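One structure is given here, and the rest of the page talks about it.
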2 protein chains.
Amino acid sequence: MQGHDENPGRHLIAKLNAFMRTTAGSEDAINDLASRRITSLDRGQDIISEGEEPRTVNLLVSGWACRYKMMEDGRRQILAFFVPGDLADLHVYILKAIDHSISAITPIKFARLTPKEFEEISDAHPKLLRALWWESLVTDSIQREWLVSVGQRDAIESVAHLACELFVRLKTVGLADGNQCDFPLTQIDIADALGMTQPHVSRTITKLNKTGFVSLKRGKLEVKDLAKLQKLAVFNPNYLHQLYDE
Amino acid sequence: MQGHDENPGRHLIAKLNAFMRTTAGSEDAINDLASRRITSLDRGQDIISEGEEPRTVNLLVSGWACRYKMMEDGRRQILAFFVPGDLADLHVYILKAIDHSISAITPIKFARLTPKEFEEISDAHPKLLRALWWESLVTDSIQREWLVSVGQRDAIESVAHLACELFVRLKTVGLADGNQCDFPLTQIDIADALGMTQPHVSRTITKLNKTGFVSLKRGKLEVKDLAKLQKLAVFNPNYLHQLYDE
DNA sequence: CGCGCCATTGACCTATTTCAACGAGGGTGG
DNA sequence: CCACCCTCGTTGAAATAGGTCAATGGCGCG
């Protein structure tokens with residue numbers, strides 16, 4: 001078990017394949033990236049905290065995490081979920097202090113790259129660098145789509161949209177098993193991501209499950225009718241900027 | 001009048017000064033950037049539209065614009081406001097299709113740079129390139145803070161927060177005159193940015209103006225008690241990542 | 001066994017939406 | 001110069017999505 005992972009970059013590799021289709025030469029480089037300074041954290045611990053000076057680029061190797069901001073009075077907004085293969089803040093070392101925190105939703109492992117390491121590897125693999133930029137632009141695009149959800153979608157649309165997004169993203173990195181995938185979010189996480197309250201998330205999930213398009217519960221998400229779920233969510237996958245061949 | 005602008009990059013220069021304090025050598029380069037392929041648009045026209053292949057980096061030279069997304073059923077979410085000195089999508093040419101549109105809120109002028117021009121200039125001025133990255137990261141940070149507004153702040157907090165942000169940003173680019181600045185947004189724009197309805201924006205602005213901290217009306221924003229307004233808005237300027245010496 | 005965390009559910013409450021009417025101002029064409 | 005229209009903002013009344021508060025129950029774990 002305990003033995004070390006032969007292919008820790010496989011989720012990122014799978015994702016970049018949705019962009020460039022030619023990771024071939026870069027696969028070793030990515031696995032190399034994904035092996036540096038591996039750190040493990042338990043659920044609830046922060047990878048980085050607001051106000052720190054950013055020093056590393058973080059690649060999530062296993063587990064889920066979230067980016068969030070706390071308001072002074074304790075309100076929390078989750079800004080993004082990270083799943084394996086996701087990179088946090090490629091260029092953030094330019095800033096003096098980060099304006100948000102990232103914490104583990106499940107036990108996680110992540111690789112911490114110094115800007116220098118990162119530059120070396122990307123200098124040696126210009127195509128990879130371009131792909132990583134793409135990755136970063138997709139992350140921005142997801143951020144924008146979340147604003148659409150919170151600003152325009154009602155409760156059931158929002159929850160359905162989140163389910164669609166995470167399912168597609170997990171599928172892309174090879175972590176969906178047929179029509180189902182892990183789903184470790186609590187209702188509080190969902191509430192803080194979508195700007196709702198936890199009881200209302202509960203009621204909304206109940207209602208959503210009753211449609212039969214999906215079975216969403218803590219731990220496991222099962223998509224039973226993706227087309228209908230997407231329609232309900234007003235989900236348009238363009239914002240994920242993938243190549244569409246499946 | 002009609003004569004051409006001697007210093008079209010001054011707003012961007014002022015903004016970058018809040019980051020690097022040494023635009024000296026780069027000022028000419030920025031003014032050069034801001035003179036390329038100047039385009040004028042009337043209110044309501046799109047700079048770029050969803051689905052297009054992005055080809056240029058756009059620098060807003062005068063007027064206001066907004067980035068927005070339309071849902072299939074016509075709901076609109078405004079994702080960002082652009083004021084003079086703002087750059088749209090530094091690296092977006094990596095993507096095959098943009099996932100949002102940008103349109104003019106007032107008559108605008110903007111410069112369109114090809115990726116090539118942009119690279120030439122930034123190769124010649126590495127410090128400038130770094131500053132432009134900073135600019136782009138601040139834009140991302142603003143995007144995140146908007147999600148906090150829409151997800152967590154109630155109506156009066158949201159509107160107050162938007163007023164704070166735009167006032168600070170305009171001040172940074174030299175477009176605030178003492179405690180007041182232009183404010184061309186309609187209540188519909190505000191509503192679509194904050195995920196509210198226009199009538200409720202109207203009621204909320206009335207209530208906000210009654211606090212006496214601010215006078216907000218179409219055309220002009222006047223800040224009467226910035227500290228109290230910021231407190232009401234739960235506004236923490238850190239997310240704008242400026243140097244704080246004033 | 002008991003504690004803590006998480007989800008469910010009910011009853012009530014309220015911020016915001018919805019629908020609709022009205023009014024002010026600015027521009028245009030007759 | 002007036003009439004008209006169109007956009008934008010204001011306001012009221014009624015409706016509702018979602019919030020609040022609180023009790024209950026399941027379940028995993030020390």
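Reminder, nothing fancy here: chain letters follow the sequence lines and each chain counts from 1. Quick caveat, the model's predicted, so the values are computed rather than measured.
For the pair B:S202 and D:dG9, the criterion of a side-chain N or O lying under 4.0 Å from OP1 or OP2 is not met.
Note: B:L147 CG to A:L194 CG = 9.5 Å, rounded to the nearest 0.5 Å. Remark: A:E145 CD to B:L79 CG distance equals 8.5 Å, nearest 0.5 Å.
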Going by atom type alone, with no hydrogens or angles, which donor-acceptor pairs under 3.5 Å involve a side-chain atom of residues 208-217 of chain B and a protein atom two or more places apart or on another chain?
{"residue": "B:N209", "atom": "OD1", "partner": "B:L216", "partner atom": "N", "Å": "2.8"}
{"residue": "B:N209", "atom": "ND2", "partner": "B:I205", "partner atom": "O", "Å": "3.4"}
{"residue": "B:N209", "atom": "ND2", "partner": "B:L216", "partner atom": "O", "Å": "3.0"}
{"residue": "B:T211", "atom": "OG1", "partner": "B:L208", "partner atom": "O", "Å": "2.6"}
{"residue": "B:T211", "atom": "OG1", "partner": "B:F213", "partner atom": "N", "Å": "3.2"}

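At whole-Å resolution of the value, CZ in A:F183 and P in C:dC6 are 15 Å apart. Atom CG in A:L208 sits roughly 12 Å away from atom P in C:dT8 (whole-Å rounding). A:Q152 places its CD atom 14 Å from the C1' atom of C:dT16, with the value rounded to the nearest Å. In this structure, CG of B:L194 is placed 11 Å from P of C:dT16, rounded to the nearest angstrom. For the pair B:N209 CG and D:dT10 P, the interatomic distance rounds to 9 Å; values are reported in whole Å. Atom CE in A:M196 sits roughly 19 Å away from atom P in C:dA15 (whole-Å rounding). Between the CZ atom of B:R218 and the P atom of D:dC6 there is a distance of 18 Å, given to the nearest Å. The CG-P distance, from B:D42 to C:dG27, rounds to 14 Å in whole Å.
With D:dT20, C:dA7, D:dT10 as the candidates, the nucleotide lying closest to the side chain of A:P199 is D:dT20. Considering only the side chain of B:H200, C:dT17 comes nearest among C:dT17, D:dG9, C:dT18. Set against D:dT20, C:dT9, D:dT11, the side chain of A:T197 has D:dT20 as its closest nucleotide. Closest to the side chain of B:R43, from the set C:dA7, C:dC6, D:dC8, is D:dC8. Listed nucleotides D:dG18, D:dG9, C:dT8 differ in distance to A:Q198; the shortest reach to its side chain belongs to C:dT8. Side-chain proximity of A:D154 to the nucleotides C:dA7, D:dG18, C:dT16 is greatest for D:dG18.
Residues A:D89 and A:I102 have side chains in contact (heavy-atom distance under 4.5 Å, counting atoms from C-beta outward).
Base contact: B:R203 has a heavy atom under 4.0 Å from a base atom. Contacts of B:G44 with the nucleic acid, taken as non-hydrogen atoms under 4.0 Å apart, are absent. If you check every strand for non-hydrogen atoms under 4.0 Å, B:G219 touches nothing.
For C:dT17, its base never sits under 3.5 Å from the side chain of B:R75 at any donor and acceptor pair.
Between B:R169 and B:D86, at least one side-chain nitrogen of the basic residue sits less than 4.0 Å from a carboxylate oxygen of the acidic one, meeting the salt-bridge criterion.
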